[in-house]
Amino acid sequence: MNTINITLPDGSVRQYPHGVTSMQIAQSISEGLARNVLSATVNGEVWDATRPINGDASLKLHTWNDKEGKATYWHSSAHLMAEALEALFPGVKFGIGPAIDNGYYYDVDTGDTTLTPADLPRIEEKMMELAKNKNSYIRREVSKADAIAYFTDKGDEYKLELLEGLEDGQITFYTQGNFTDLCRGPHIPDTSSIKAVKLMNLAGAYWRGDEKRKQMTRIYGITFPKSKELTDYLELLEEAKKRDHRKLGAELELFMFSDKVGQGLPIWLPKGTQLRERLQNFLRAEQEKLGYQMVVTPHIGSKTLYVTSGHYAKYGADSFQPIHTPKEGEEFLLKPMNCPHHCEIFGHRPRSYKELPLRIGEFGTVYRYEQSGELHGLSRVRGFTQDDAHIFCTVEQVKGEFLNVLELTQMVIRKMGFDNFTAQISLRDPGKPEKYIGSEENWNAAEAAIIEATKEVDMETTTVLGEAAFYGPKLDFMIKDALGRSWQLGTIQVDYNLPERFGLEYIGSDNQAHRPVMIHRAPFGSMERFISILIEHTAGKFPLWLTPDQFALLPISDRLVPYCESVKAELARHDIRGFIDERAESIGRKIRDTELKRVPYMLIIGDKEAENGQISVRRQGQGDLGTMDISDFITRFTAEL
RNA sequence: GCCAGAUUAGCUCAGUCGGUAGAGCGGCUGUUUCGUAAUCAGCAGGUCGCGGGUUCGAGUCCCGUGUCUGGCUCCA
């Protein structure tokens, strides 16, 4: 047979000579496509576009515009960087160098020389110089013995270790220019499409992710086929920097940290507290509508509580250590989660099936000893408040409760101005039933309930097997912000373990004791983390109903302050809140300062407005909206809420 | 916790070869009473993160340590 059948994604079948490459197929379709093709999926596996196809195959060509194309491109860029490093730092050793979501990295060991950020431009230059050589990426199958010989000769113990895990017969090398690497591939045809490079940063990374092993230097980089795309990407990063919640949090006086109070312990300032409490009140009201009952539990709990829950055995050593009292033998732990307290609430008196589902909610402040290097603004802290609740129910009720939580979360997220909202469902690893507690029937029922519930609310989901907790399946919420970055919010988890450990029971209609199922849910994770995401998503321009100050009254002269007072009082009667800027500053200055504080409405008051009983309205970020009656403003304002 | 970098006035930053500290913004005082993004002037702010060391002399060099930043590992 001299010809093979190639099936394209549209289902059409074309015939090509045996040994044809994806590149040649692209050429037969169009020159333009051939110029842009980076790799191809052949029978479900991503291949080099230059690799011969030796049998009937399905084929999908990849360009810069798809995920696989970018991944190939960036992985090849990592090799290009390695070539540049080898030219500049002879003797450098290489770990692994994969593509990531935005670019690639390569872990390197430069021996006694330490790389510094000042070295990066030099490496970038070398990469561009090498890219211009238009070197092809050449794939070569090698025997294990030859491969070992090559890297032994080179003295790269990392590659040798990687080789140990590979089987003879499936080892390939890729070479471009003067650089040869152990690599499964695939790679782009040649280096000429790499037109712009930026090495982002340097970081330490453990060899094979093991903190007991040597730390290598990880160099992060990104490349693009057009220099304009690099410029755009760097602008996006600039924008992200401007929106950094740590920066905005300080500028807008929302929160602070103090070395004396302790790292990772946020202090909420008046404006931030207003924002947070308003958000909390909104969430509380919505949850009460859905049948949640709010409780308050102490910030510490006896060690016994956590021994019972099992958390002490699992996390005790890595937590804030017990608080000891003057009387010996008393030990308390800072509350790291609210569930044990809520279990005690359920168990404090006999429960009837008629009370289920029992939904116990709490804005519960918890303390966790996060490693110091993990702390980050408000998104990773040591003291935070969960929008927590525990639902005690029957297995039959799990689906309804999931629906309830999904709908609540969707509604709140939309109200907050996010529109891209997805979920990850984590189920058992079907091959390892011994890893999980709880009966087979209960697991099946709960997993089915979660999947059905997400279908009913029409939510985009991904399902991952083996990611469930040992005590039950779970669902994690994800949102994308205005810059397209993904954030993980909170979770809903089914738990068969804690009711067991706390011996929780209810009396069923059959007059027998039954064990309830417990659902943990904190859809937003924590107030701290959620607000950090909200700050970055909105760039500090919070939704009107939520923002601390909704307007600023800006009198042109201090003789107009009394009129401002009357306007403020009138707006207050309509629950519109704000302040008067009474400073002896020019109106231009007051407007500038108020714009920077992201106060949504600026009401400029001069003699004309005072005479006519009107206000001149300016919207933050939009400019002058003209003069209007106060009642018209209230109408406009209320419509925007 | 680990690797790398940073740490100077409230903030953003400058500070040369080691010779005793500087700007802008902000603050205060005065001035300006103004029409849609900074009125003008003066003044006050610093144990150069902290603790040691080298030196006649340390913001600057060395050691230790705190905190922050970027990653790694971790995240009930």
Side-chain angles (χ1 to χ4, degrees), chain A residues 100 105 107 109 114-118 200-220 241 244 246-247 250-251 253 256-260 262-264 306 309-316 318-319 335-340 366-377 379-382 384 386 388 469-471 474 488 491 493 495 497-498 520 522 525-526 529 554-561 582-597 602-609 616-627:
Chain A
I100 52 177
Y105 67 79
D107 286 343
D109 178 355
T114 308
L115 286 176
T116 72
M200 306 306 296
N201 55 28
L202 292 168
Y206 300 110
W207 170 233
R208 312 211 103 174
D210 182 343
E211 63 179 310
K212 293 190 183 62
R213 306 201 59 181
K214 190 174 164 65
Q215 193 146 24
M216 306 182 75
T217 305
R218 178 166 296 180
I219 310 174
Y220 285 89
K241 222 169 160 183
D244 191 315
R246 292 166 301 184
K247 182 171 175 287
E251 279 174 18
E253 297 197 66
M256 58 169 271
F257 289 90
S258 148
D259 288 355
K260 285 204 189 71
Q263 55 177 175
Y306 302 101
S309 72
H311 290 110
Y312 187 78
K314 191 152 184 196
Y315 296 103
D318 300 319
S319 298
K335 173 165 80 171
M337 80 287 296
N338 305 298
C339 16
V366 298
Y367 300 90
R368 294 180 184 178
Y369 182 78
E370 304 291 356
Q371 297 186 77
S372 61
E374 278 316 312
L375 302 172
H376 179 92
S379 32
R380 195 76 184 272
V381 289
R382 285 178 169 173
F384 57 95
Q386 295 179 306
D388 210 1
F470 74 91
Y471 50 78
K474 66 170 181 174
Q488 189 177 338
T491 65
Q493 305 193 2
D495 185 352
N497 180 42
L498 279 187
H520 306 254
S526 75
R529 187 174 158 75
L554 311 181
I556 272 167
S557 149
D558 34 2
R559 67 177 171 276
L560 295 156
V561 170
E582 295 184 36
R583 293 177 305 159
E585 293 290 351
S586 69
I587 191 64
R589 175 51 169 273
K590 289 182 184 178
I591 287 170
R592 179 183 155 81
D593 290 348
T594 316
E595 285 278 349
L596 292 175
K597 279 191 206 146
M602 280 151 272
L603 309 179
I604 291 127
I605 305 298
D607 292 313
K608 278 182 284 178
E609 286 80 6
S616 177
V617 179
R618 181 188 166 101
R619 185 72 166 91
Q620 200 274 347
Q622 292 172 22
D624 194 1
L625 300 178
T627 304

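By convention in this document, chain letters (A, B, ...) are assigned in the order of the sequence lines, proteins followed by strands, and residues within each chain are numbered from 1. Only a predicted model underlies this, so the values are computations on that prediction, with no experimental measurement involved.
Within 4.0 Å (heavy atoms only), A:Glu609 reaches at least one base atom of the nucleic acid. Residue A:Asp558 is in base contact, counting any heavy-atom pair closer than 4.0 Å across all strands shown. If you check every strand for non-hydrogen atoms under 4.0 Å, A:Gly373 touches a base. The residue A:Gly606 sits close to a base: some heavy atom pair falls under 4.0 Å. Heavy atoms of A:Glu585 sit under 4.0 angstrom from at least one base atom. A:Leu596 comes within 4.0 angstrom of a base, heavy atoms only. Within the nucleic acid shown, A:Asp593 has no heavy atom closer than 4.0 Å to any nucleic acid atom. Base engagement by A:Ile604 is indicated by at least one non-hydrogen atom pair under 4.0 Å involving a base atom. Nucleic acid contact class of A:Ala469 (heavy atoms, under 4.0 Å, all strands): none. Looking at heavy-atom distances under 4.0 Å, A:Asp259 makes contact with sugar-phosphate atoms alone, never a base. Within 4.0 Å (heavy atoms only), A:Lys608 reaches at least one base atom of the nucleic acid. Using a 4.0 Å heavy-atom criterion, one finds that A:Ser319 contacts the bases of the nucleic acid, with or without backbone contacts as well.
One can place OH of A:Tyr369 at 5 Å from P of B:G1, the figure rounded to the nearest angstrom. Summarising the geometry, the separation between CE on A:Met200 and C1' on B:G71 is reported as 13 Å, rounded to the nearest angstrom. If you take CD of A:Gln263 and P of B:U65, they are 15 Å apart, rounded to a whole angstrom. For A:Ile591 and B:A38, the CD1 to C1' distance is 11 Å, given to the nearest whole Å. In this structure, the CD atom of A:Glu253 is 11 Å from the C1' atom of B:G26, given to the nearest Å. Between the C1' atom of B:C74 and the CZ atom of A:Arg380 lies a distance of 6 Å, rounded to the nearest Å. The interatomic distance linking A:Gln493 (CD) with B:C75 (P) rounds to 13 Å, in whole Å. Between the NZ atom of A:Lys212 and the P atom of B:G1 there is a distance of 16 Å, given to the nearest Å.
Look at the C1' atom in both B:G1 and B:A44: the space between them is 44 Å, to the nearest Å. Using C1' as the reference atom, B:A37 and B:A76 are 48 Å apart when rounded to the nearest Å. Straight-line distance between the P atoms of B:G66 and B:U55: roughly 28 Å, to the nearest whole Å. Nucleotides B:C17 and B:U31, compared at atom P, are 47 Å apart to the nearest Å. Across B:A14 and B:C25, the matching C1' atoms stand 15 Å from one another, rounded to whole Å. The gap from the C1' atom of B:U8 to that of B:G45 amounts to 13 Å, rounded to the nearest Å. When the P atom is compared between B:U60 and B:G18, the two are found 11 Å apart, to the nearest whole Å. To the nearest whole angstrom, the two C1' atoms, one in B:G57 and one in B:C2, are 38 Å apart.
Classification of A:Asp210 and A:Arg208 as a salt-bridged pair fails, no side-chain N sitting under 4.0 Å from a carboxylate O.
For B:C2, the base has a donor-acceptor partner in the side chain of A:Gln215 [N/O atoms by modelled type, under 3.5 angstrom]. With hydrogens and angles ignored, no donor-acceptor pair closer than 3.5 Å exists between the side chain of A:Tyr206 and the base of B:G71.
When distances run from any side-chain atom of A:Ile556 to the nucleotides B:A76, B:C34, B:G71, the shortest one goes to B:C34. Of the candidates B:G71, B:C75, B:U32, the closest approach to any side-chain atom of A:Ala203 belongs to B:G71. Across B:G1, B:G35, B:A76, the shortest atom-to-atom separation from the side chain of A:Gln371 is found for B:G1.
The number of heavy atoms from other shown groups lying within 6.0 Å of CD (A:Glu253) does not exceed 12.
For the OP1/OP2 pair of B:U39 and a distance below 4.0 Å, the side-chain nitrogens and oxygens of A:Arg589 include at least one atom meeting the criterion. OP1 and OP2 of B:G71 both lie 4.0 Å or more from every side-chain N or O belonging to A:His376. Here A:Arg559 reaches the OP1 or OP2 of B:C34: one of its side-chain N or O atoms lies under 4.0 Å away. Dashed line: the shortest gap from a side-chain N or O of A:Arg208 to OP1 or OP2 of B:C72 is not under 4.0 Å. Residue A:Arg246 has a polar side-chain atom (N or O) positioned under 4.0 Å from OP1 or OP2 of B:G70. Phosphate contact (OP1/OP2 of B:C72, side-chain N/O of A:Tyr220, threshold under 4.0 Å): present. For A:Ser372, a side-chain nitrogen or oxygen approaches OP1 or OP2 of B:G1 to under 4.0 Å.
Taking the ring centre of A:Tyr369 as origin, the terminal cationic atom of A:Arg382 falls inside the region bounded by 6.0 Å and 45° from the ring axis.
Residue A:His520 forms a side chain to side chain contact (heavy atoms under 4.5 Å, CB included) with just one option from A:Thr491, A:Leu498, A:Asn338, and that option is A:Leu498.
Its glycosidic angle being more than 90° from 0, B:G64 falls on the anti side. Using a 90° window around 0 for the glycosidic torsion, B:C25 falls outside it and is classed as anti.
Where A:Tyr471 and A:Arg218 each meet RNA chain B at their nearest nucleotide, the meeting point lying more 5' is that of A:Arg218.
The side-chain heavy atoms of A:Tyr306 and A:Met337, taken from C-beta on, include a pair separated by under 4.5 Å.
In this structure, CD1 on A:Ile591 lies 4.0 Å from CD1 on A:Ile604, to the nearest 0.5 angstrom. For the atom pair NZ of A:Lys597 and CD of A:Glu251, the computed distance is 12.0 Å after rounding to the nearest 0.5 Å.
Residues meeting the ring pair (Phe, Tyr, Trp, His ring centres under 6.0 Å) test with A:Tyr312, sequence neighbours left out: none.
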| query | So what does the secondary structure string of RNA chain B come out as, 5' to 3', with Watson-Crick or wobble pairs under 3.5 angstrom, [ ] for crossing and | for pairs with another strand? | reply | (((((((..((((.....[..)))).((((.........)))).....(((((..]....))))))))))))....
